[in-house]
Chemist: 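One structure follows; several queries about it will come next.
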Amino acid sequence: MAERGRARDRRGGYAGTWPTRQAVAAPSQMPSGTLPAMVARLRAWAGAEAAAGQLLPWVPVAFGTGIAIYFSADHEPVLWVVSATAVALFVVALLLRRHRMFAAAVMVAAVAAGFAVATIKTAQVSHVVLTRPMYTPLLQGFVETSEVRERTDRFVLRVVRMDNRRSHIKLDRVRLSVRKGAAPAVGSFVELKARLQPPLTPVRPGSYDFARDMYFHGIGASGFVMGAIRTVSSPHGGGLALRYAALMQELRDTIDARIRLVLSDDSRAIATALLTGRRDAITTPVNEAMFISGLGHVLSISGYHMAVVAGVVFFAVRALLALVPALTATFPIKKWSAAAALAAAAFYLLLSGAEVATQRSFFMTAVVLIAIMVDRRAITFRTLAVAAMIVLAIAPESLIHPSFQMSFAATLGLVALVQVGMPKMLATPDHSPTARAALWGGREIAMLALASLVAGLATTPYVAFHFHRVTPYGIVANLLAMPVISALVMPAGLLGLAAMPFGFDGVFWRLMDFGIEWMVAVAQWVAALPGAIGHTAAFGTGPLLAATAGIILLGLLRTPLRWSGAVVVALAIVWSFAVTPPDILISAEGRNVAVRGGDGRLRLISTSKDSFTVREWLAADGDGRGSADPTLAEGVSCDDEGCVVKVSGGGLVALTRRPEAMQDDCTRAELMVTPWQAPEGCPAQVIDQNRLRREGALALWRTPSASRSGASRSGFAVDAARPVGVDRPWSSAAVDEQSAQLQSKPEPPADATPVPEDLQPDD
């Protein structure tokens, strides 16, 4: 009956989700004249878009808009005000449920709810964030997580005791690096000394905010261990969550140790990454080749991995149950198989560490499987909407994370493909067995290529924005590698896990190794093709938001109005190319200054070995040079007192190292970057340490007009990573102002001895 019902749905429209052709057609009585006819057609399409049942997919869009508005606020909203506002708007929407304004009321309430949920989540995770370095604090605490990396290991310490003579700051969690192989076991209680630094701020205005990411993970500082780590007795138990983390870490270590006996090097690291989520042991060349070729998504456990795990278990259990005719005829084995697949996906979630990205993938897979169990269509926009709402409600901060943006953009494109492309491609008037057999293979290949193309195009804006690169040959790499990964690597890995308790897992790891070697070979071959590395310059959030709006319109609209999304995407592309790159970049410490030369490329003045910042600057500039490229020093003149370089358009930029050079640099340079206080009347525009402490990394554009912030700046407009007036929990303006008042050349402390006449009797 269900199959016949679905067949009837396909005759009416596209499986009941998309409006029928009659619903989106122009009205039969068309007005005369081109303009009235066009208006009538647009009204008909708009009516079809606003029809009953079309509202739900837009609710998470509005909810996410509210979250985005929250993260763009200058300071933290008042919790009770935003919560009360959201509740009031929700009640208003309920009261208007039979009114024509109901849809608009729901959208407004969803925006307010997203704003409120983000505010509540920030209040829930509130903790102290380190603002100035600490060099020798004594820390005691529980090891919560541990990760293996290529050169060092890293772990998160939940701090129980923190002793530092010069500070009363008490941090909740810190993330520490140690020598490779020296990380303590998860769940242990340790004592150590560390050098702590504040969370890394954006390396340039508009770049990824690592401090914000660490804040929502409950981490208030990062650094490295100094000396030995001692395991000591804990004052109390670590709690159930810590015991669970220790158990899962032990299981991951056991799996990794077993794989290590059979596989080695990158094959072992990739196999471990696919099964346990520990991907940091993959060597840099292979990791780079994977991302350049467009196969980097394979290394991060996402919706694809969850889908493969659930799919393999679903079809395997269903095939086994189908061997018993009595079960097939009497019981709903399809629902039983979906339940088994859901259990397997849940176990995979726990095994892989249950990070936010993995949780999102699990929720999406769970919604699909539950839809099967309750006789609902699994792949619909409503399924995607429910999964998005669950993820955003639990972790609203994931909205601004690249993995969320890429995952849901790709999924939206694939669901739209299933709803539109597949019914049309699978419809054929020829039912002869020969034609169907010949057409089947061609359709499968075409759908695989089309799915790779759609997913790749949908994620391109986010890859370009966050990683400043595109993958021109991504579809080629995915067509060559993904069938092997889906049919061999992941199933062999799952069978290896199942066979490991019985001691017969070695053969499955070798099968997995064969598929991984093929995947790596494809990645390296594609990465070596001419033009495989597509560098893109940073273009800001404006074009990204426009591209997002276009993708949503293309994916969610049912009528030909959806092609308006293509227009918006095209405008976003034009906008991204029209963005003017900065002429000067200054790091938050003032030790690195990049100046655009007359040839349009950056020149580097540096007094440190911060290669990470330089790499990020070059990538954001669409520049393929490395941080050690000798051309970065062309035109730079340095001595013991500082460095100067000519900026595009004329004029000098000076990085002053000593106070005695300041007078000369003030006279010759247009811009002077210095850790010292500039002399009064200095004609050059000065960027000193006080301003850098206050505003973080800076980007400057040559302009004779006012700056972007509205303040008059002769010569250069300035954009800051932390603009004046912005005060968020992960970047406190009050603390920054206080530390900015400290002069670079410290003054002697004021005499605190009270005057004898002021002493009280009890003194």
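All values derive from a computational prediction rather than experimental measurement.
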Chemist: If you define the side chain from C-beta out and look only at heavy atoms, does anything of Val117 sit under 4.5 Å from Leu392?
Modeler: no
Chemist: Tell me the closest heavy-atom pair linking Ala310 and Thr365, and the distance in Å.
Modeler: CB-CG2, 3.7 Å
Chemist: Looking at side-chain heavy atoms only, is the closest gap between Val312 and Met490 below 4.5 Å?
Modeler: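 Result no, sub-4.5 Å side-chain heavy-atom pair not found.
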Chemist: Are Val317 and Trp336 close enough that some pair of their side-chain heavy atoms sits under 4.5 Å apart?
Modeler: no
Chemist: Nearest 0.5 Å, please: how far is OG1 in Thr122 from CZ in Phe216?
Modeler: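 Here the interatomic distance stands at 3.5 Å.
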Chemist: Please work out whether the ring planes of Phe291 and Phe467 are parallel, tilted or perpendicular, with thresholds of 30° and 60°.
Modeler: tilted
Chemist: Any idea which heavy atoms bring Gly515 and Val484 closest together, and the distance?
Modeler: CA-CG1, 3.8 Å
Chemist: Just so I know, are the side chains of Leu275 and Met512 near enough to count as touching, which here means a heavy-atom distance under 4.5 Å?
Modeler: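 Result yes, sub-4.5 Å side-chain heavy-atom pair found.
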Chemist: Can a donor-acceptor pair be found, under 3.5 Å and without considering hydrogens, that links the side chain of Thr471 to the backbone of Gly294?
Modeler: no
Chemist: How many angstroms lie between CG in Leu412 and CD1 in Ile551, if you round to the nearest 0.5 Å?
Modeler: 8.0 Å
Chemist: Could you report the tightest heavy-atom contact between Ile255 and Met500, atom names first, then the distance?
Modeler: CG1-CE, 3.6 Å
Chemist: Starting at OG of Ser267, measure out to CD1 of Ile282 and round the result to the nearest 0.5 Å.
Modeler: 10.5 Å
Chemist: May I have the list of side-chain donor-acceptor pairs in residues 92-112 shorter than 3.5 Å, sequence neighbours left out?
Modeler:
residue : atom : partner : partner atom : Å
Arg97   : NH1  : Leu94   : O            : 2.8
His99   : ND1  : Met101  : N            : 3.0

Chemist: Is it the case that more than 12 heavy atoms not belonging to Phe90 sit under 6.0 Å from its CZ atom?
Modeler: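 Counting neighbours around CZ of Phe90, 12 or fewer heavy atoms of other residues, nucleotides or ligands fall under 6.0 Å, so no.
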Chemist: Looking only at atom types and distance, does a side-chain atom of Arg562 sit under 3.5 Å from a main-chain N or O of Arg558, one as donor and one as acceptor?
Modeler: yes
Chemist: Given side chains that start at C-beta, do those of Leu351 and Leu497 come closer than 4.5 Å, heavy atoms only?
Modeler: yes
Chemist: A quick test of your reading: do over 12 heavy atoms of other residues, nucleotides or ligands sit less than 6.0 Å from OH of Tyr244?
Modeler: yes
Chemist: Checking Val367 against Ile390 for the side-chain contact (heavy atoms from CB on, under 4.5 Å) test, could you report, in this order, the C-alpha distance in whole Å, the side-chain angles of both residues, the deciding distance, and whether it holds?
Modeler: CA-CA 10 Å; Val367 170; Ile390 293 174; 4.3 Å; yes
Chemist: Under 3.5 Å, is there a donor-acceptor pair between the side chain of Glu144 and the main chain of Val186?
Modeler: no
Chemist: Give, for atom CZ of Arg510 and atom CG of Asp505, the distance between the pair rounded to the nearest 0.5 Å.
Modeler: 9.0 Å
Chemist: Taking the side chain as every heavy atom from C-beta outward, state whether Val298 and Met519 have any atom pair closer than 4.5 Å.
Modeler: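 They are in side-chain contact.
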Chemist: Could you go through Thr548 and Tyr462, starting from their C-alpha distance and side-chain angles, then the distance that decides it, and tell me whether this counts as side-chain contact (heavy atoms from CB on, under 4.5 Å)?
Modeler: CA-CA 9 Å; Thr548 301; Tyr462 309 100; 2.9 Å; yes
Chemist: Show me the donor-acceptor pairs, under 3.5 Å and distance only, between side chains in residues 321-331 and residues at least two apart or in other chains.
Modeler:
residue : atom : partner : partner atom : Å
Thr328  : OG1  : Val324  : O            : 3.3
Thr330  : OG1  : Ala326  : O            : 2.9

Chemist: Determine which pairs satisfy side-chain hydrogen bond (donor to acceptor under 3.5 Å, both in side chains) with at least one residue from residues 488-500, sequence neighbours left out, and list them in order.
Modeler: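 side-chain hydrogen bond (donor to acceptor under 3.5 Å, both in side chains) check on residues 488-500 returns no pairs.
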Chemist: Tell me the closest heavy-atom pair linking His297 and Asn478, and the distance in Å.
Modeler: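 Reported closest heavy-atom pair: NE2-OD1, 3.0 Å.
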Chemist: Walk me through whether Thr276 and Asp256 qualify under side-chain contact (heavy atoms from CB on, under 4.5 Å).
Modeler: CA-CA 8 Å; Thr276 68; Asp256 182 52; over 6 Å; no
Chemist: Should Ser83 and Ile120 be marked as a side-chain contact (heavy atoms from CB on, under 4.5 Å) after you check the CA-CA gap, both sets of side-chain angles, and the distance that decides it?
Modeler: CA-CA 8 Å; Ser83 301; Ile120 294 170; 4.0 Å; yes
Chemist: Is Leu295 close to Met482 at the side-chain level, that is, under 4.5 Å between some pair of heavy atoms?
Modeler: yes
Chemist: Roughly how far, to the nearest 0.5 Å, is CZ of Phe465 from OG1 of Thr459?
Modeler: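 It is 15.0 Å, given to the nearest 0.5 Å.
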Chemist: Return yes when atom CH2 of Trp518 has more than 12 non-hydrogen atoms of other residues, nucleotides or ligands closer than 6.0 Å, and no otherwise.
Modeler: no
Chemist: Any non-hydrogen side-chain atom of Leu557 less than 4.5 Å from a side-chain atom of Trp563?
Modeler: no
Chemist: What are the two closest non-hydrogen atoms of Pro491 and Ile485, and how far apart are they?
Modeler: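 Taking every non-hydrogen atom into account, CD-O, 3.9 Å.
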Chemist: Where is the tightest heavy-atom contact between Pro396 and Ile67, given as atom of each residue plus distance?
Modeler: O-CG2, 3.3 Å
Chemist: Against Leu553, only a single residue in Val568, Val569, Leu561 fulfils side chain to side chain contact (heavy atoms under 4.5 Å, CB included); can you say which?
Modeler: Val568
